[in-house]
Every structure is written in structure tokens, then in C-alpha cells.
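In each ligand, atom 1 is the first atom listed, and ligand 1 is the first ligand listed. Every heavy atom of this structure was used, including side-chain atoms; hydrogens, water molecules and symmetry mates were not.
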Amino acid sequence: MSARTFYIYTLGCQMNVYDAERVAAALRGRGWRDAPVAAEADLVVVHTCAVRAKAEQKAFSLIGRLEPLKRGRPGVLLAVGGCVAQQEGERLLERAPHVDVVFGTHAVERLPALVERRLKDPRPLVDVAAAEEPAPAGPAGAHPGSSPVSRYVTIMRGCDNFCAYCVVPHVRGPERSRPPEEILAEVRAFVAAGAREVVLLGQNVNSYGAKEGWGGFARLLERVNAVEGLRRIRFTTSHPKDLTDELICAFGRLEKLCPHIHLPVQSGSDRVLSAMNRRYSRAQYLDKVSKLRDSFPGIAITSDLIVGFPGETAEDFEETLSLLRQARFDGVFAFMYSDRPHTPAAGLEPKVPPVEKRRRLQVLLGVQEEITSAIHRALVGTRQEVLVEGPARLPRGGGGGPAAARWTGRTAANKIVHVRAGNGGGRAVAPGACVTVRIERAHAHSLSGVLDPG
Ligand code: SAH
Ligand code: SF4
């Protein structure tokens, strides 16, 4: 009999991409093989996201679309994991009775065993126990969704911050860090397999090891910086209240640490920040931004923002716009607030009407677009070091796309660059190479340029 096959859908954040890689590695380790498409797989796994109402709807709609596949091939198993699985547990089976296994955010490593149990027993299985997983046996394997050049490494799980709008602490549990030796072993294994960059993941990397007494995040960065063969280190996400001077200084000190920080601000209004339980003020946030720019001139700063938090007035929103103009982020992710189960904000009034939330989002994105374009335009004519990740993925929408681009990569400041060969030929260029690129054009979300032969 040929090997059983699996296919994985991954929705949501990098943490899910990382978890999906672990699931894939664990299944491969037990003899399963990758299926090229879901329609041919014996097992379909969905990693869901619950951070906003829309993400949850997307998860249920994907799970619904997989029903005919199961009807067409009755032997196929469907496993649903991630934050919606953790949040809904048994209830997920009521809404989607065709699901075979519900596995929560603590059960990632247990999935293969759950699937094997389900193969022998016709009843659906639910594992949303908070029991800690055993330590992973080894580093995760490559996942089709991630570039083998740049790999995610989870350094901590969960969150203790309880921002008023956020479901993460409820579905991912309390904050706990992975031992530094385990993290370093994983980084070394990825580098040995061809990775040149790692992205260290956590909801609040700044409190890495604090509970466990492991010497803090800046110390971990130093140790990762010493890994031979690694060229770039990134991390996400940093909570502004915990961003220390030590970490700010690390940008100027550690040569592999990329000059980019994602520092979610959420709002520019002190009143809203306090209602969100973010525990910093607008002035404190802006102070950290200027310290970062002093430590590393030209550092790229990106952020997350929420519009339409309950009680957000037109004046509060104006404060957010003025913060955007002051902070001059390189880019932002902006979201319309949505109520999430168990969160205090769900009980707050008055709610901002959906049309008004949508309007504020459009205005905010318009303001940011001008700032991002100006920052990108200023890079035209400069030379940038680009880490090549793979063959060209052209800018979305096609308009103005550099048709001749052959590779796509990123600058140290995390700008996506589409690279064409020019007269230099570039025959030796391959994923993982660091090349110098002369930037020729700025696009809304990326840059394009030509390989610099010199
Ligand atoms: N741990 C990260 C963020 C994780 S969630 C941090 O603290 O920055 C990613 C982003 O989703 C948040 O930064 C926030 O902007 C957004 N978000 C979270 N809950 C939301 C909600 N209920 N409605 C709208 N946006 C939300
Ligand atoms: Fe959610 Fe706040 Fe924790 Fe980020 S820090 S995951 S926004 S509770």
C-alpha cells in the first residue's frame, strides 16, 4: 500500500505557519507524505485564526468548503486546529459535524497520534486540553508556505498581557518561553539546511525568559547572533511597554539583527490606549520611536492599528491620524475592531457603527499610503543588500510590475524587492544569496531594481 498523504491549510499569523511546519514534520516522521492538492490527500489539516471576527468566518467557510471533498471520498479525514479550535472545542463539531479531529493550540505535537486513533475509531476526537506538549523531537521541516531561506522559530508561546480587545491570551494560554538551548539548536539546524535568516516569534518577545529567569531577550539575540552561517535575525512582536533600552541598543550592536521593528501602537489616543489596557501613553510610545531612530538611523518601524474600538470618538481617531504623521511608519496593518469572546472590550459601549469603522479604516490607509510611498520613493537610486528568497513574485495588480524581474528578496529593513538581472547576467544568483541591488522604482508595497554587478 502506498503511503498516506496529507495537505495543510494555514490561516492567520506566523505562529500558525510555525505550528503547521511542526505538524508537517511530525506527520512525515510517521511515514506520511505531502499531497500536491487537498483533493488528493487522505488527511486535510486546517490551522485556523480567531483574532478577528472575519478571520473566524474565513475559517468556518473553508471548513464548510471541505465538506464535499469528504463526501466524495469517505475515507478522507479532516483535522481542525489553531485558535478557533481551541476557542470552540466540542462546539466546533456541532457547527461542522464533518470534522474528524479538533486539536487545540496545546495539542500540535499530539496531532499524528490523534489522527491514528481516529483511523481506528469512527467517533470524532476533540483535544483542547491545556496540557503542555512534550518538547519537540527536533527542528520543524520545511513547509511549502515558507521560504527555506527565511525560517520562523517560536521562542515563546501564549501571552499574559490581556489587552482588552484580544482573544490571544484566552486561546493560546499563559506566556511560557522555550529554553535557549532548544532555540539555538533549531536555528543551527535551519542554517545547516540552507536558511540564512530566522524570524524569532512570540506575542511579546521582550519578556522572553522573564518568568523562567533565563537572562532576557537581548541576551538570546546575542547568542543567536553568534550562530555561524546565519546572516539575518528578525523578530516579532514587541510590546511597546516592554521595549527596553537594552533591546533598542542591540540594533546598533548586533550586526545580524535587521534594522526593522514591528511595534504595534493600536491607537494614538491616550483615552483609547488606556481603555485597551495597553499600559503606555502616546508620548511614551513616540519617545521609544525616537530612541530607536537614534540607536539606528534609518531603522524601519511598522505597526498595527485598530479603528473603531468601543467608545472611540472622532477626536480619538484624529489623534491616531496625527500619530501616524508623527511616527512616519514604514507600513502598518490596520484593522476594524471586532468583538471577541471572553474579552472585556466585547462588553464595552458604545460600539462604533460598521460604516464608520470602514470609513476610518479607509482614511487611515490613505494617510499611511502617502507616508509609505514617500519613504519608498526616497529609496530609488540607492543600493540595497537583498537576501534572495526565490523566483520573482510580481507586485499585485500587475500595474507597473517589472516584467523582467527574476528574483524576489528583502532588504535588511524588510522591504520586498523584485530584482532583474541587468547586463551583469546574475547566473550565480540563487535563493539564499545576498546581492547588491540598485533600486529603480517604488511600488505601493514593494520596490524593484537591478542587480548591481560591482
Ligand atoms: N501580540 C501582538 C499582536 C497579536 S494580534 C501584539 O501584541 O502586538 C495582531 C493584531 O490584531 C493586533 O496587534 C491588533 O492590531 C489586531 N487585533 C487583535 N484583536 C483584535 C480585535 N478584536 N479586533 C480588531 N483587531 C484586533
Ligand atoms: Fe493580544 Fe495584547 Fe497579548 Fe498582543 S500583547 S497577543 S494584542 S493581549
Chemist: For Glu315, is there an ion pair with Arg271 - N to carboxylate O distance below 4.0 angstrom?
Modeler: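 Judged by the 4.0 Å cut-off on N to carboxylate O distance, Arg271 and Glu315 do not form a salt bridge.
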Chemist: Do Ser207 and Glu175 meet the criterion of a side-chain donor-acceptor pair at a distance under 3.5 Å?
Modeler: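 Yes, Glu175 and Ser207 have a side-chain donor paired with an acceptor closer than 3.5 Å.
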Chemist: Do Asn16 and Thr10 have side-chain atoms, one donor and one acceptor, less than 3.5 Å apart?
Modeler: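 Short answer, no.
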Chemist: Name the closest protein heavy atom to atom 7 (S) of ligand 2, giving the residue it belongs to and the distance to 0.1 Å.
Modeler: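 The protein heavy atom lying closest is Tyr165 OH, 3.4 Å.
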Chemist: When you check the side-chain N and O atoms of His170 and Thr343, is any donor under 3.5 Å from an acceptor?
Modeler: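 Result is no, nothing qualifies.
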Chemist: Is the His262-Phe329 ring centre distance short of 6.0 angstrom?
Modeler: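 Ring-ring flag for His262/Phe329: false, centres at least 6.0 Å apart.
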Chemist: Taking only Lys NZ, Arg NE, NH1 and NH2, and the carboxylate oxygens of Asp or Glu, determine whether Glu389 and Arg232 approach each other closer than 4.0 Å.
Modeler: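 Not counted as a salt bridge, because no side-chain N and carboxylate O are separated by less than 4.0 Å.
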Chemist: List-wise, which protein N, O or S atoms are found short of 2.8 Å from atom 3 (Fe) of ligand 2?
Modeler: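 Checking every protein N, O and S atom gives Cys159 SG.
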Chemist: Could you list which atoms of ligand 2 come closer than 4.0 Å to a heavy atom of Arg278?
Modeler: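 Those atoms are 2 (Fe), 7 (S).
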Chemist: Leu66 versus Tyr9: any side-chain heavy-atom pair under 4.5 Å?
Modeler: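 Yes - at least one pair of side-chain heavy atoms lies under 4.5 Å apart.
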Chemist: Flag the pair His239 / Arg279 as yes when at least one side-chain heavy-atom distance between them is below 4.5 Å, and no otherwise.
Modeler: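 His239 does not reach Arg279 side chain to side chain.
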Chemist: Do the non-hydrogen side-chain atoms of Pro354 and Arg358 ever get within less than 4.5 Å of each other?
Modeler: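 Touching, per the 4.5 Å side-chain cut-off.
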Chemist: Check whether any heavy atom of Arg172 sits under 4.0 Å from an atom of ligand 2.
Modeler: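 Arg172 does not count as a contact of ligand 2 under the 4.0 Å cut-off.
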Chemist: Assess the side chains of Gln57 and Ser61: does a donor N or O sit below 3.5 Å from an acceptor N or O?
Modeler: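 Side-chain D/A pair, Gln57 to Ser61: absent.
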Chemist: Select all protein residues for which some heavy-atom-to-ligand 1 distance is less than 4.0 Å, and list them by chain and number.
Modeler: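 Val51, Arg52, Tyr165, Gln203, Thr237, Pro264, Gln266, Arg278, Asp304, Ile306, Phe335, Met336, Tyr337, Ser338, Arg340.
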Chemist: Would you say that His376 contacts His445 through its side chain, given a criterion of any heavy-atom pair below 4.5 Å between the two side chains?
Modeler: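 Side chain of His376 against side chain of His445, heavy atoms only: no contact under 4.5 Å found.
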